[in-house]
Amino acid sequence: MSDLADSEAPLAVTDRPLTQDGPAVRLYLVDGSSFIFRAYHALPPLTRKSDGLPIGAVSGFCNMLFKLLRDMNSDAPTHLAVIFDHSEETFRNKLYDQYKAHRPPPPEDLIPQFAVVREATRAFGVSCIELPGYEADDLIAAYSCKVRDAGGEVVIVSSDKDLMQLVGPNVSMLDTMKNLRIGREQVIEKFGVGPERVVDVQALCGDSVDNVPGAPGIGVKTASALINEYGDLDTLLARAGEIKQDKRRQTLIDFADQIRLSRALVQLDCDTPLPEPIDDLAVREPDKAVLGAFLETYELRSLARRIGEAGASSSGAIPSTPRPAPAEVPESAIDVSGYVCVRDATTLESWVARCYEAGTIAFDTETDALGSATAGLCGVSLAISPGEACYIPVGHCEKEGLQLEEAADLVQIPLDQVIAILKPMLEDPTVLKVAQNAKYDIAVLSRYGIDVAPIEDTMLISYVLEAGMHGHGMDELSALWLGHQPIPFKQVAGSGKGQVSFKHVELGKATEYAAEDADVTLRLYNRLRPRLAREGLLTVYETLERPLPPVLAAMENAGVKVDPIFLRNLSNEFSMRMADFEAKAQALVGHPFNLGSPKQIGDVLFGEMALTGGKKTATGQWATDSDVLESLAAQGHELPRVLLDWRQLSKLKGTYTDNLVAAISPDTGRVHTSYALASTTTGRLSSTDPNLQNIPIRTEEGRKIRKAFIADAGNVLISADYSQIELRLLAHVGDIEQLKRAFREGLDIHAMTASEMFNTPIEGMPSEIRRRAKAINFGIVYGISAFGLANQLSIPQDEAGAYIKTYFERFPGIRAYMDQMRAQVREHAYVTTIFGRKINIPDIRAKAVGHRQFAERAAINAPLQGAAADIIRRAMIRMPEALKRAGLKARMLLQVHDELIFEAPAEEAEATCRLVSKVMEAAPEPAVSLSVPLVVEARAASNWDEAH
DNA sequence: GCCGTCACG
DNA sequence: GACGTACGTGACGGCG
């Protein structure tokens with residue numbers, strides 16, 4: 001059959017010279033059936049206005065076709081076809097009558113759309129290809145092989161794993177729904193083997209959806225391990241007797257025939273006849289009349305408008321080579337003297353042209369201050385290949401306000417022009433931009449009207465690979481991986497009082513510093529990026545990390561409104577009351593002392609007054625923390641209470657009232673925090689400058705601070721928080737039946753725990769009993785110890801020990817979970833979350849027992865805290881788009897670990913509460929299906945205190 | 001620049 | 001038997 005295709009349909013490729021810019025044929029093969037289903041499920045059930053004909057899948061399909069034809073510049077197809085399944089019966093059913101036997105019929109409202117989709121395809125001037133007796137996958141395989149062998153390039157538009165066996169040089173897949181490229185490394189991440197061995201792995205693990213039997217009890221992990229060990233399936237089956245594990249060996253021997261059959265079922269047939277010659281698939285302009293009539297018939301008005309607009313403007317195609325895969329570069333010494341300072345437009349344009357050629361570049365922005373939400377741009381650096389980098393200054397000036405034109409050595413391209421030249425490249429989908437801590441650059445450049453995309457972030461790549469092992473700042477990564485110490489910022493800008501803003505740094509030094517940052521970033525990328533797929537962490541990076549910088553940049557830039565007058569009044573009130581406490585304390589002692597000095601307090605309490613019951617800190621000083629002072633106060637002493645009261649106010653004033661006012665940006669009148677994405681071991685964010693994740697709430701006095709966080713006029717603040725998320729995750733991960741049931745039934749979880757432990761009915765339970773159970777539940781999540789629980793509850797240690805014992809008797813699954821985490825961390829020195837995030841805990845190998853025990857407790861806590869962090873990250877990533885789709889104007893402002901804070905128009909408060917709750921509760925899906933419900937409580941009010 | 005303390009989840 | 005003791009953060013003032 002293949003002869004026929006070869007002889008009758010000679011490939012155009014051979015006739016056409018290969019251009020410098022890439023292969024002459026770039027064939028896009030759209031997996032029609034799979035796309036229809038995804039469009040159907042992803043989109044709301046749209047219908048034709050006039051008669052209610054279901055049209056959602058058709059609309060999604062047309063949008064994608066349009067996008068393929070118009071959006072992509074250098075990657076645009078020269079040839080394009082949509083491939084459909086033709087009939088249910090194929091040659092595979094002759095091999096195995098149960099093949100795809102359990103497929104449910106398509107949804108009723110989808111059935112009429114199948115024919116319309118074919119009509120749509122033709123209306124766009126694109127070929128529809130199908131062949132009786134063959135699946136679309138086989139046709140895709142045949143076209144792919146032909147074009148690839150003739151030197152062309154193929155992009156398969158599908159995310160179907162069955163097609164991954166086709167990936168290889170010049171054949172990639174494109175998941176348009178997720179906007180992901182699937183190349184060799186993504187295949188390796190999915191199957192644990194390269195594309196050439198995918199069928200072997202699939203043959204072993206089978207596929208329940210297609211009803212491919214495989215070998216019982218063997219999943220992807222085991223299958224890929226076996227294939228990697230033996231090389232290929234035939235060798236494995238031939239040498240199955242050598243397998244050590246009894247059960248596995250027997251399975252492979254007993255089911256050898258079934259495994260071979262499975263391989264035949266999943267193996268795609270490259271010799272499938274081609275119904276249309278490749279030449280006929282060339283992309284052609286759609287006939288405007290035909291397309292217009294189609295869009296009119298199905299009332300696809302918004303698409304018709306977009307097509308009209310696109311037709312009016314120029315295509316803007318920019319020639320470039322396809323993006324090269326990042327490769328390991330030979331390490332070479334970093335030489336800062338070769339960097340270029342770009343100071344005229346022509347040179348800048350040539351650098352931009354080289355960026356297009358390179359396909360992957362690194363960049364960095366330099367600013368005149370630290371806060372990305374307000375800092376001004378000083379310049380941008382670009383690195384095109386290791387050692388080849390430049391700096392484009394835009395805002396450098398003499399310190400005393402000298403005009404640029406007056407100083408010859410400060411001549412720079414005007415800001416507007418730099419932006420005009422850089423913007424198209426920085427926004428071009430065919431140029432991948434790598435940054436170190438991309439959130440910063442995104443935030444700065446977005447204020448200059450540039451939306452940088454696509455972006456990768458070396459800091460986040462490092463974080464995914466090695467969280468918990470070390471920091472992820474550039475200097476540290478450079479020292480670690482490149483053996484190179486980048487020029488310290490201090491060396492170019494000075495330090496302490498003599499430090500100057502970067503805009504006052506002389507251009508030569510600025511170029512060395514800035515271009516080196518881009519150069520180092522590119523080298524780090526080349527070094528670290530390939531590890532993601534190899535180590536199975538690409539999905540974690542792509543789903544939990546890479547999408548977040550733009551989301552956080554928008555939150556930081558939005559900021560939150562804070563009432564300065566309210567805070568100043570509060571500050572004055574606190575000052576006056578502190579003065580009273582101070583006078584009282586000094587009267588009690590009989591002489592002045594500094595209430596802010598723990599050392600002096602220790603001397604007073606345990607020296608002069610000779611109180612008993614003190615403890616020492618790690619450095620041998622008297623401890624005077626609130627636990628100590630509380631217990632002294634309980635003994636009946638007066639001074640400790642005064643000190644505690646003074647301290648509370650001192651803390652609130654020093655850390656909150658005064659500094660929050662100081663943090664209000666003069667430009668925006670709001671407070672802009674900065675979120676660190678890679679500072680915690682567990683995947684949580686942290687907030688700095690100022691920290692808005694530790695605003696007081698637990699005491700009456702503290703809550704007053706929260707009242708200062710307010711919504712802009714006409715708006716409300718909405719606080720939405722996950723209820724008991726870590727305990728719910730414990731119930732799921734530890735598979736604790738009683739806990740799961742309690743959460744499903746919406747019971748009071750602490751009361752339920754108390755009831756189970758102490759055999760007390762929930763009705764009329766004394767609050768002290770519930771309080772103790774609550775402390776235990778929290779303690780469990782932290783890796784409980786009798787000492788810690790005793791401390792927390794102020795009860796004797798043996799009593800606390802007895803509680804813990806009872807708890808484990810009532811919930812044996814929890815002990816099992818804890819033991820499992822301990823074993824895992826001892827073996828691997830890391831644990832993982834249910835989303836695959838890896839949390840390293842190197843201290844488990846420490847010499848000191850104390851450190852090791854610490855590590856064990858961290859290992860118990862990390863999968864829970866980490867999974868909660870993963871979940872809220874997923875919610876945050878989806879939130880902006882979800883709000884937009886719902887037509888809501890709300891902006892996400894803050895994140896506090898299990899809480900999101902929004903600012904929304906007052907009249908949209910209810911709708912926003914409903915939507916954000918929905919997005920947050922569904923956040924684990926579809927990656928993880930929790931066996932307990934997630935519950936989110938959302939409230940709107942004029943200030944944060946009342947919204948929470 | 002470290003330490004003790006304390007704000008949050 | 002000793003050891004240090006609930007997980008994860010960031011910011012402040014004191015002190016050397």
Side-chain angles (χ1 to χ4, degrees), chain A residues 467-468 593-602 615-629 643-644 646-660 662-663 673-676 679-699 701-703 705-706 721-726 730 775-793 797 800 804 818 821 831 839 841 847-866 868-869 872 894-899 948:
Chain A
F593 68 101
N594 187 344
L595 277 73
S597 165
K599 188 172 179 295
Q600 291 183 32
I601 290 178
K615 54 174 190 179
K616 298 277 184 91
T617 68
T619 52
Q621 262 192 57
W622 286 111
T624 66
D625 60 32
S626 60
D627 276 357
V628 171
L629 296 184
L643 294 175
L644 282 165
W646 181 90
R647 268 203 189 148
Q648 185 190 14
L649 297 182
S650 163
K651 176 80 177 182
L652 294 176
K653 180 172 149 57
T655 306
Y656 301 103
T657 54
D658 294 355
N659 285 298
L660 276 174
T673 185
S674 171
Y675 289 101
S679 77
T680 70
T681 50
T682 55
R684 273 193 178 177
L685 306 180
S686 74
S687 157
T688 59
D689 309 310
N691 182 353
L692 296 185
Q693 289 181 321
N694 70 347
I695 301 304
I697 191 167
R698 290 172 187 169
T699 67
E701 296 298 332
R703 293 176 80 110
I705 310 265
R706 281 202 175 214
D721 70 307
Y722 285 108
S723 157
Q724 308 282 9
I725 188 166
E726 289 188 13
L730 174 66
I776 296 171
N777 276 333
F778 274 103
I780 289 294
V781 172
Y782 297 150
I784 202 159
S785 77
F787 180 92
L789 183 63
N791 231 1
Q792 183 67 34
L793 288 175
Q797 201 169 319
I804 295 172
M818 293 172 73
M821 289 310 113
V831 291
I839 297 152
I841 307 180
K847 282 205 201 77
V849 232
H851 284 194
R852 287 205 301 274
Q853 288 173 338
F854 201 75
E856 285 187 6
R857 291 193 300 271
I860 291 164
N861 175 258
L864 305 174
Q865 190 183 114
I872 200 164
L894 302 174
Q895 189 251 41
V896 193
H897 309 308
D898 63 357
E899 175 188 14
H948 189 81

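Summarising the base pairing, C/dG1 is matched to no nucleotide, lacking a Watson-Crick or G-U wobble pair whose two defining distances lie under 3.5 Å. In a base pair of the Watson-Crick type (N1 to N3 plus N6-O4 or O6-N4) or a G-U wobble (N1-O2 and O6-N3), with each distance short of 3.5 Å, C/dC12 is matched with B/dG4.
A/Q865 has its side chain out of reach of A/T680: every pair of non-hydrogen atoms, C-beta onward, lies at least 4.5 Å apart. In this structure, A/I705 and A/P696 have side chains that are in contact, with non-hydrogen atoms separated by less than 4.5 Å.
At the heavy-atom level, A/V896 lies under 4.0 Å from the strands shown only through sugar-phosphate atoms. A/R857 comes within contact range of the sugar-phosphate backbone alone, with a heavy-atom separation under 4.0 Å but no base atom that close. Looking at heavy-atom distances under 4.0 Å, A/S785 makes contact with a base. Using a 4.0 Å heavy-atom criterion, one finds that A/N694 contacts the bases of the nucleic acid, with or without backbone contacts as well. Nucleic acid contact for A/D689: sugar-phosphate only, since backbone atoms but no base atoms lie under 4.0 Å from a heavy atom of the residue. Using a 4.0 Å heavy-atom criterion, one finds that A/Q792 contacts the bases of the nucleic acid, with or without backbone contacts as well. Residue A/A775 is in base contact, counting any heavy-atom pair closer than 4.0 Å across all strands shown. In this structure, A/G654 reaches the sugar-phosphate backbone alone: every heavy-atom distance under 4.0 Å involves primed, P, OP1 or OP2 atoms, never a base. At a threshold of 4.0 angstrom between heavy atoms, the contacts of A/T624 are confined to the sugar-phosphate backbone, with no base atom among them. Residue-level contact check: A/A623 touches the backbone only, with heavy atoms under 4.0 Å from sugar-phosphate atoms and none from bases. Residue contacts shown for A/N791 are absent, as no nucleic acid heavy atom lies under 4.0 Å away. Within 4.0 Å of A/I697, counting heavy atoms only, lie sugar-phosphate atoms of the nucleic acid but no base atom. Among the atoms of the strands shown, base atoms are found under 4.0 Å from some heavy atom of A/I784.
Nearest nucleotide to the side chain of A/N861, out of B/dC8, C/dT9, C/dC7: C/dC7. Of the candidate nucleotides B/dC8, C/dG8, C/dG14, C/dG8 has the atom nearest to the side chain of A/T681. For A/S597, the listed nucleotide lying nearest its side chain is C/dC15; candidates were C/dC15, C/dC7, B/dG4. Closest contact between the side chain of A/A858 and the listed nucleotides C/dG8, C/dC15, C/dA6 involves C/dG8. Checked against C/dA11, B/dC3, B/dT5, the side chain of A/T619 finds its nearest nucleotide in B/dC3. Nearest to the side-chain atoms of A/F854 among the listed nucleotides B/dG4, C/dC12, C/dG8 stands C/dG8. Counting only heavy atoms from C-beta on, A/Y782 has its side chain closest to C/dC7 among C/dG8, C/dC7, C/dT5. For A/N594, the side-chain atoms get nearest to C/dG14 when compared with the rest of C/dA11, C/dG14, B/dT5.
Here the CD1 atom belonging to A/I697 is positioned 4.0 Å from the CZ atom belonging to A/R706, to the nearest 0.5 angstrom. Distance check: A/E726 CD to A/Q724 CD gives 10.0 Å after rounding to the nearest 0.5 Å.
For A/R698, a side-chain nitrogen or oxygen approaches OP1 or OP2 of B/dC8 to under 4.0 Å. Between A/T617 and B/dG4 there is a side-chain polar atom (N or O) within less than 4.0 angstrom of OP1 or OP2. Within the 4.0 Å cut-off from OP1 or OP2 of C/dG10, at least one side-chain nitrogen or oxygen of A/S686 is found. Regarding contacts with the backbone of C/dC12, every side-chain N or O of A/T655 stays at 4.0 angstrom or more from both OP1 and OP2.
A gap of 31 Å separates the P atoms of C/dA2 and B/dC6, to the nearest Å. Across the P atoms, B/dC2 and C/dA6 are found 23 Å apart, a figure rounded to whole Å. The same atom, C1', is picked in B/dA7 and in C/dC3; the two are 30 Å apart, to the nearest Å.
In this model, no side-chain donor or acceptor of A/R647 finds a partner on the base of B/dG4 within 3.5 Å. Side-chain to base pairing of A/Q865 with C/dC7: one donor and one acceptor N or O lie within less than 3.5 Å of each other. Within 3.5 Å, no donor on the side chain of A/K599 pairs with an acceptor on the base of C/dC15, nor the reverse. One can find a donor-acceptor pair under 3.5 Å joining the base of C/dG4 and the side-chain atoms of A/Q853.
In this structure, A/Q600 places its CD atom 10 Å from P of C/dG16, rounding to the nearest Å. Distance CD (A/Q797) to P (C/dG4): 14 Å, rounded to an integer number of Å. For the pair A/Q621 CD and B/dC3 P, the computed distance is 11 Å after rounding to whole Å. Taking atom CD1 of residue A/I725 and atom P of nucleotide B/dC8, one finds them 21 Å apart after rounding to whole Å. Taking atom CH2 of A/W646 as the reference point, atom P of C/dC12 lies 15 Å away to the nearest angstrom. As a whole-Å value, the separation of A/L864 CG from B/dG9 C1' is 14 Å. Between A/L793 atom CG and C/dA6 atom P the separation is 13 Å, expressed in whole Å. One atom, CD of A/E899, and another, C1' of B/dG9, lie 9 Å apart when rounded to the nearest Å.
Between A/Y675 and A/L894, the shortest heavy-atom contact is OH-CA, 3.2 Å. Here the closest non-hydrogen pair linking A/H897 and A/Q895 is N-OE1, 3.0 Å.
Counted within 6.0 Å of NZ on A/K599, heavy atoms from surrounding residues, nucleotides or ligands total 12 or fewer; the atom is thus considered open.
Only one option out of A/I860, A/L730, A/I804 pairs with A/I780 in a side-chain contact (heavy atoms from CB on, under 4.5 Å); it is A/L730. The side-chain contact (heavy atoms from CB on, under 4.5 Å) with A/V831 is formed by just one residue from the set A/I841, A/T682, A/N861; it is A/I841.
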